[in-house]
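For reference, positions follow the sequence shown, starting with 1. Whatever order the structure lists them in is the order used to number ligands and atoms, beginning at 1.
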Amino acid sequence: MAQWAAGLRAADSTLALVPTMGFFHEGHLALMRRGRELADKVVVSLFVNPIQFGPGEDLDRYPRDFERDRRLAESVGVSALFSPEPVAMYPPGFQTSVAVSGLGAGLCGASRPGHFNGVTTVVAKLFNIVRPDWAIFGEKDFQQLAVIRRMVLDLDWPVKIVGHPIVREADGLAMSSRNVYLRPDEREAALGLRRAILKARELLAAGWTDAAALGAELERFLLSLHGAQIDYVRLVDALTLQEQTKIDGRTRLMLAVRIGGRVRLIDNGALTSSSTEAAWLPS
Ligand code: PAF
(Lines give C-alpha, C1' and ligand atoms only; values in the text may rest on other atoms or scores of the structure.)
Protein backbone atom coordinates (compact mmCIF):
# COMPACT_ATOMS: atom_id res chain seq x y z
CA MET A 1 0.00 0.00 0.00
CA ALA A 2 2.77 2.41 0.99
CA GLN A 3 4.70 1.72 -2.22
CA TRP A 4 1.63 2.09 -4.41
CA ALA A 5 0.71 5.41 -2.76
CA ALA A 6 4.32 6.65 -3.04
CA GLY A 7 4.25 5.81 -6.78
CA LEU A 8 1.12 7.92 -7.23
CA ARG A 9 2.58 10.83 -5.33
CA ALA A 10 5.74 10.64 -7.46
CA ALA A 11 3.48 10.93 -10.53
CA ASP A 12 1.89 14.07 -8.99
CA SER A 13 -1.45 12.43 -8.22
CA THR A 14 -3.36 13.66 -5.18
CA LEU A 15 -4.82 11.10 -2.79
CA ALA A 16 -7.89 10.99 -0.56
CA LEU A 17 -8.19 8.35 2.16
CA VAL A 18 -11.52 7.10 3.52
CA PRO A 19 -10.84 5.00 6.63
CA THR A 20 -13.62 2.45 7.28
CA MET A 21 -14.41 -0.79 9.06
CA GLY A 22 -16.35 -2.06 6.03
CA PHE A 23 -19.92 -3.34 5.57
CA PHE A 24 -20.58 -0.34 3.38
CA HIS A 25 -23.79 1.66 3.28
CA GLU A 26 -24.70 4.92 1.55
CA GLY A 27 -22.88 6.87 4.26
CA HIS A 28 -19.56 5.24 3.34
CA LEU A 29 -20.25 5.65 -0.37
CA ALA A 30 -20.93 9.37 0.15
CA LEU A 31 -17.47 9.71 1.78
CA MET A 32 -15.90 7.90 -1.18
CA ARG A 33 -17.69 10.14 -3.70
CA ARG A 34 -16.49 13.20 -1.76
CA GLY A 35 -12.97 11.78 -2.01
CA ARG A 36 -13.33 11.52 -5.77
CA GLU A 37 -14.36 15.18 -5.96
CA LEU A 38 -11.31 16.24 -3.95
CA ALA A 39 -8.48 14.06 -5.21
CA ASP A 40 -7.19 12.22 -8.28
CA LYS A 41 -7.32 8.86 -6.49
CA VAL A 42 -9.30 7.51 -3.57
CA VAL A 43 -7.99 4.85 -1.20
CA VAL A 44 -10.47 3.17 1.14
CA SER A 45 -9.09 1.27 4.10
CA LEU A 46 -11.25 -1.58 5.32
CA PHE A 47 -10.03 -2.79 8.67
CA VAL A 48 -12.09 -3.90 11.66
CA ASN A 49 -9.62 -2.48 14.14
CA PRO A 50 -9.44 -4.82 17.14
CA ILE A 51 -7.82 -2.30 19.49
CA GLN A 52 -10.78 0.10 19.41
CA PHE A 53 -13.20 -2.53 20.75
CA GLY A 54 -13.49 -3.09 24.50
CA PRO A 55 -13.97 -6.45 26.22
CA GLY A 56 -17.52 -7.72 25.62
CA GLU A 57 -18.08 -5.37 22.65
CA ASP A 58 -19.03 -6.58 19.16
CA LEU A 59 -15.61 -7.22 17.56
CA ASP A 60 -16.39 -10.88 16.80
CA ARG A 61 -19.85 -10.27 15.41
CA TYR A 62 -19.11 -6.98 13.63
CA PRO A 63 -20.81 -7.39 10.19
CA ARG A 64 -18.46 -8.21 7.31
CA ASP A 65 -18.95 -8.83 3.57
CA PHE A 66 -15.73 -8.22 1.70
CA GLU A 67 -16.97 -9.15 -1.80
CA ARG A 68 -19.96 -6.82 -1.58
CA ASP A 69 -17.75 -4.04 -0.20
CA ARG A 70 -15.26 -4.53 -3.03
CA ARG A 71 -18.01 -4.23 -5.65
CA LEU A 72 -19.53 -1.15 -4.03
CA ALA A 73 -16.16 0.61 -3.70
CA GLU A 74 -15.41 -0.14 -7.34
CA SER A 75 -18.83 1.15 -8.41
CA VAL A 76 -18.05 4.62 -7.00
CA GLY A 77 -14.58 4.80 -8.57
CA VAL A 78 -12.33 3.90 -5.64
CA SER A 79 -8.80 3.13 -6.85
CA ALA A 80 -7.64 0.89 -4.01
CA LEU A 81 -9.23 -1.00 -1.15
CA PHE A 82 -6.63 -1.53 1.58
CA SER A 83 -7.65 -4.41 3.82
CA PRO A 84 -4.73 -5.54 5.97
CA GLU A 85 -4.74 -8.51 8.33
CA PRO A 86 -4.66 -7.58 12.05
CA VAL A 87 -1.19 -9.12 12.41
CA ALA A 88 0.14 -6.84 9.67
CA MET A 89 -1.11 -3.77 11.54
CA TYR A 90 -0.19 -5.05 15.01
CA PRO A 91 2.72 -7.48 14.70
CA PRO A 92 4.05 -9.16 17.83
CA GLY A 93 5.84 -6.58 19.97
CA PHE A 94 3.58 -3.68 18.98
CA GLN A 95 3.37 -1.33 21.95
CA THR A 96 2.72 2.23 20.83
CA SER A 97 -0.48 4.18 21.32
CA VAL A 98 -1.56 7.65 20.17
CA ALA A 99 -3.84 9.37 22.69
CA VAL A 100 -5.77 12.65 22.46
CA SER A 101 -6.44 13.14 26.13
CA GLY A 102 -9.02 15.93 26.45
CA LEU A 103 -11.47 15.56 23.57
CA GLY A 104 -11.40 11.77 23.82
CA ALA A 105 -12.15 11.60 27.54
CA GLY A 106 -15.91 12.29 27.81
CA LEU A 107 -19.01 11.10 25.93
CA CYS A 108 -18.13 7.85 24.07
CA GLY A 109 -14.64 7.93 25.60
CA ALA A 110 -16.19 7.64 29.07
CA SER A 111 -18.56 4.81 28.06
CA ARG A 112 -15.93 2.97 26.00
CA PRO A 113 -12.57 3.26 27.82
CA GLY A 114 -9.64 2.94 25.43
CA HIS A 115 -11.83 3.28 22.33
CA PHE A 116 -10.42 6.56 21.02
CA ASN A 117 -6.81 5.53 21.67
CA GLY A 118 -7.53 2.57 19.41
CA VAL A 119 -9.02 4.86 16.78
CA THR A 120 -6.22 7.44 16.85
CA THR A 121 -3.54 4.76 16.83
CA VAL A 122 -4.93 3.02 13.76
CA VAL A 123 -5.69 6.29 11.95
CA ALA A 124 -2.13 7.48 12.67
CA LYS A 125 -0.81 4.26 11.11
CA LEU A 126 -3.11 4.64 8.09
CA PHE A 127 -1.97 8.24 7.58
CA ASN A 128 1.67 7.13 7.67
CA ILE A 129 1.10 4.24 5.27
CA VAL A 130 -1.02 6.12 2.71
CA ARG A 131 0.15 9.73 3.34
CA PRO A 132 -3.06 11.13 1.87
CA ASP A 133 -3.70 14.78 0.97
CA TRP A 134 -7.24 14.47 2.35
CA ALA A 135 -8.92 12.11 4.79
CA ILE A 136 -12.69 12.00 4.99
CA PHE A 137 -14.75 11.03 8.04
CA GLY A 138 -18.49 11.04 8.72
CA GLU A 139 -20.02 13.43 11.24
CA LYS A 140 -22.07 10.61 12.73
CA ASP A 141 -18.94 9.89 14.77
CA PHE A 142 -18.70 13.57 15.69
CA GLN A 143 -16.40 13.05 18.66
CA GLN A 144 -14.12 10.81 16.60
CA LEU A 145 -13.88 13.55 13.96
CA ALA A 146 -12.98 16.15 16.63
CA VAL A 147 -10.36 13.84 18.15
CA ILE A 148 -8.78 13.19 14.73
CA ARG A 149 -8.75 16.90 13.83
CA ARG A 150 -7.00 17.59 17.13
CA MET A 151 -4.45 14.81 16.56
CA VAL A 152 -3.62 16.15 13.09
CA LEU A 153 -3.22 19.72 14.36
CA ASP A 154 -1.15 18.66 17.38
CA LEU A 155 1.15 16.34 15.43
CA ASP A 156 1.55 18.64 12.37
CA TRP A 157 0.26 16.09 9.91
CA PRO A 158 0.06 17.44 6.35
CA VAL A 159 -3.40 16.02 5.73
CA LYS A 160 -6.64 17.96 5.40
CA ILE A 161 -9.46 16.44 7.44
CA VAL A 162 -12.88 16.66 5.83
CA GLY A 163 -16.08 16.03 7.77
CA HIS A 164 -19.11 14.78 5.84
CA PRO A 165 -22.70 15.40 7.03
CA ILE A 166 -24.62 12.42 8.42
CA VAL A 167 -26.37 10.32 5.78
CA ARG A 168 -29.78 9.04 6.93
CA GLU A 169 -32.23 6.33 5.94
CA ALA A 170 -35.53 7.55 4.47
CA ASP A 171 -37.11 7.36 7.95
CA GLY A 172 -34.35 9.46 9.53
CA LEU A 173 -32.22 6.76 11.18
CA ALA A 174 -28.53 7.68 10.84
CA MET A 175 -26.82 5.10 8.64
CA SER A 176 -24.56 2.73 10.55
CA SER A 177 -23.17 -0.73 9.89
CA ARG A 178 -24.57 -1.61 13.32
CA ASN A 179 -28.18 -0.91 12.23
CA VAL A 180 -28.31 -4.57 11.06
CA TYR A 181 -28.40 -5.56 14.74
CA LEU A 182 -31.83 -3.88 15.15
CA ARG A 183 -34.91 -6.09 15.15
CA PRO A 184 -37.92 -4.69 13.25
CA ASP A 185 -39.74 -3.98 16.53
CA GLU A 186 -36.77 -1.93 17.76
CA ARG A 187 -36.74 0.46 14.84
CA GLU A 188 -39.28 2.80 16.43
CA ALA A 189 -37.08 3.26 19.51
CA ALA A 190 -33.99 3.70 17.30
CA LEU A 191 -35.75 6.52 15.45
CA GLY A 192 -36.06 8.30 18.79
CA LEU A 193 -32.50 9.61 18.43
CA ARG A 194 -33.35 11.58 15.31
CA ARG A 195 -36.66 12.68 16.83
CA ALA A 196 -34.82 13.95 19.90
CA ILE A 197 -32.66 16.16 17.67
CA LEU A 198 -35.72 17.55 15.90
CA LYS A 199 -37.45 18.06 19.26
CA ALA A 200 -34.44 19.96 20.58
CA ARG A 201 -34.59 22.29 17.57
CA GLU A 202 -38.32 22.85 18.13
CA LEU A 203 -37.82 23.63 21.81
CA LEU A 204 -34.98 26.00 20.98
CA ALA A 205 -37.22 27.77 18.44
CA ALA A 206 -39.86 28.03 21.19
CA GLY A 207 -37.36 29.88 23.38
CA TRP A 208 -35.69 27.14 25.49
CA THR A 209 -32.04 28.12 25.93
CA ASP A 210 -31.20 26.52 29.27
CA ALA A 211 -29.13 23.43 28.48
CA ALA A 212 -29.99 21.54 31.69
CA ALA A 213 -33.75 21.98 31.17
CA LEU A 214 -33.53 21.05 27.50
CA GLY A 215 -31.36 18.00 28.27
CA ALA A 216 -33.79 16.82 30.96
CA GLU A 217 -36.74 17.16 28.57
CA LEU A 218 -34.90 15.14 25.90
CA GLU A 219 -34.04 12.45 28.45
CA ARG A 220 -37.71 12.22 29.43
CA PHE A 221 -38.61 11.80 25.77
CA LEU A 222 -35.97 9.11 25.12
CA LEU A 223 -36.90 7.16 28.26
CA SER A 224 -40.53 7.07 27.07
CA LEU A 225 -39.45 4.93 24.09
CA HIS A 226 -39.92 1.22 24.59
CA GLY A 227 -36.61 -0.59 25.11
CA ALA A 228 -34.39 2.50 25.11
CA GLN A 229 -31.74 3.06 27.79
CA ILE A 230 -29.79 6.31 27.78
CA ASP A 231 -26.00 6.20 27.72
CA TYR A 232 -25.72 9.99 27.42
CA VAL A 233 -27.63 13.07 26.32
CA ARG A 234 -25.32 16.09 26.23
CA LEU A 235 -25.43 19.61 24.86
CA VAL A 236 -21.84 20.49 24.11
CA ASP A 237 -19.75 23.14 22.42
CA ALA A 238 -19.02 21.66 18.98
CA LEU A 239 -15.33 22.59 19.13
CA THR A 240 -14.35 21.78 22.71
CA LEU A 241 -17.04 19.12 23.38
CA GLN A 242 -17.46 20.72 26.82
CA GLU A 243 -20.97 20.76 28.25
CA GLN A 244 -22.75 24.06 27.89
CA THR A 245 -25.10 25.80 30.29
CA LYS A 246 -26.74 28.01 27.62
CA ILE A 247 -27.51 26.98 24.05
CA ASP A 248 -25.74 29.08 21.42
CA GLY A 249 -24.65 28.90 17.77
CA ARG A 250 -21.98 26.28 18.54
CA THR A 251 -24.17 23.85 20.44
CA ARG A 252 -24.14 20.24 19.31
CA LEU A 253 -26.57 17.73 20.76
CA MET A 254 -24.76 14.42 21.34
CA LEU A 255 -26.74 11.24 21.96
CA ALA A 256 -25.91 7.63 22.76
CA VAL A 257 -28.75 5.21 23.45
CA ARG A 258 -28.81 1.47 23.96
CA ILE A 259 -31.75 -0.28 22.32
CA GLY A 260 -33.07 -3.58 23.69
CA GLY A 261 -30.04 -3.78 25.99
CA ARG A 262 -27.81 -4.83 23.04
CA VAL A 263 -27.53 -2.26 20.30
CA ARG A 264 -25.70 0.96 21.15
CA LEU A 265 -26.57 3.75 18.71
CA ILE A 266 -25.14 7.25 18.52
CA ASP A 267 -26.41 10.33 16.72
CA ASN A 268 -25.83 14.07 16.91
CA GLY A 269 -26.91 17.33 15.38
CA ALA A 270 -26.30 21.05 15.42
CA LEU A 271 -29.19 22.95 16.97
CA THR A 272 -28.75 25.98 14.74
CA SER A 273 -27.62 26.04 11.13
CA SER A 274 -24.15 27.48 11.81
CA SER A 275 -21.16 25.27 10.95
CA THR A 276 -18.01 24.93 13.04
CA GLU A 277 -15.97 23.31 10.23
CA ALA A 278 -14.00 26.47 9.38
CA ALA A 279 -12.97 27.00 13.00
CA TRP A 280 -10.86 23.83 12.82
CA LEU A 281 -8.74 25.05 9.93
CA PRO A 282 -5.28 26.20 10.99
CA SER A 283 -4.97 29.98 10.58
O1 PAF B 1 -15.27 5.20 12.00
C2 PAF B 1 -14.76 4.08 11.83
O3 PAF B 1 -15.25 3.24 11.08
C4 PAF B 1 -13.46 3.74 12.58
O5 PAF B 1 -13.47 4.24 13.86
C6 PAF B 1 -12.19 4.15 11.81
C7 PAF B 1 -12.08 5.67 11.67
C8 PAF B 1 -12.16 3.50 10.45
C9 PAF B 1 -10.94 3.69 12.59
O10 PAF B 1 -10.92 2.30 12.72
State, without any angle test, whether D133 and T14 hold a side-chain donor-acceptor pair at a distance under 3.5 Å. no
Indicate whether any N or O donor in one side chain lies under 3.5 Å from an N or O acceptor in the other, for N49 and Y62. no
For [X], counting its heavy atoms only, list the atoms of ligand 1 lying under 4.0 Å from any of them.
{"X": "Q144", "result": "1 (O), 2 (C), 4 (C), 5 (O), 7 (C)"}
{"X": "P19", "result": "8 (C)"}
{"X": "V122", "result": "9 (C), 10 (O)"}

Part of T20 with heavy atoms under 4.0 Å of ligand 1, whether side chain, backbone, both or neither: backbone
Distance col, row L255:CG vs L265:CG, nearest 0.5 angstrom, shows 10.5 Å
Among K140, H28, Q52, which one has a heavy atom closest to atom 9 (C) of ligand 1? Q52
What is the nearest protein non-hydrogen atom to atom 3 (O) of ligand 1, stated with its residue, atom name and distance? M21 CG, 3.5 Å
In terms of the angle between their ring planes, are F24 and H28 parallel, tilted or perpendicular, with boundaries placed at 30° and 60°? tilted
Between N49 and ligand 1, does any nitrogen or oxygen pair lie at a separation below 3.5 Å? no
Over 12 foreign heavy atoms within 6.0 Å of CZ, R112: yes
Would you mind checking if R34 and E37 are paired as a salt bridge, meaning a charged N to carboxylate O distance below 4.0 Å? yes
